[in-house]
Amino acid sequence: MNLAAYVVRGAALSFFVIIGVFIITFYLSHILPNNPALLFAGTNPSPDEIARIKEQLGLNKPLYDQFLIYLGEFFHGNL
């Protein structure tokens with residue numbers, strides 16, 4: 001096996017590992033029983049305040065949209 005094939009193979013495998021890590025961390029954050037809107041709202045938030053925070057964070061969108069937002073925010077450095 002020559003060096004170029006080795007590098008291409010390693011890059012391709014790394015790409016799949018990175019995508020897998022993104023998917024696993026995203027779904028683990030959604031499996032946990034916490035509501036991020038409640039964490040941001042503080043103590044005794046009103047239902048309207050929780051709804052507003054969910055809208056701001058995109059938590060009211062389908063999972064695939066949330067995943068795309070997650071990837072976009074990651075690549076912009078906004079974690």
Do other residues, nucleotides or ligands put more than 12 heavy atoms under 6.0 Å from Asn44 CG?
no
Contact summary for Leu59 and Ala37, nearest pair of heavy atoms
CD1-N, 4.1 Å
Any donor-acceptor pair under 3.5 Å linking the side-chain atoms of Tyr70 with those of Ser29?
no
Take a 6.0 Å sphere around CZ of Arg52 and say whether it holds more than 12 heavy atoms from other residues, nucleotides or ligands.
yes
One should read off an interatomic distance between Lys54 NZ and Asn60 CG, to the nearest 0.5 angstrom, of 8.5 Å
With clusters defined by side-chain heavy atoms of hydrophobic residues (ILVMFWY) lying less than 4.5 Å apart, directly or transitively, does Phe67 cluster with Phe75?
yes
Measure the spacing between CD1 of Ile69 and CG of Asn78 and express it to the nearest 0.5 Å.
11.5 Å
Do you know the tightest heavy-atom contact between His30 and Gln66?
NE2-OE1, 2.6 Å
State, yes or no, whether a side-chain contact exists between Gln56 and Phe40 at a heavy-atom distance under 4.5 Å.
no
Could you grab the distance from atom CG of Asn2 to atom OH of Tyr6, nearest 0.5 Å is fine?
12.5 Å
Rounded to the nearest 0.5 Å, how far apart are CD1 of Ile23 and CG of Leu28?
12.0 Å
Do Val17 and Phe74 sit in one hydrophobic cluster, given that two such residues count as connected whenever their side-chain heavy atoms are within less than 4.5 Å of each other, even indirectly?
no
Other residues, nucleotides, ligands: >12 heavy atoms within 6.0 Å of Phe22 CZ:
yes
So CG of Leu13 and CD1 of Ile18: to nearest 0.5 Å the spacing works out to 11.0 Å
Does any part of the side chain of Phe26, heavy atoms only, come nearer than 4.5 Å to the side chain of Leu71, both counted from C-beta?
no
To the closest 0.5 Å, what do you measure between CG (Leu38) and OG1 (Thr43)?
11.5 Å
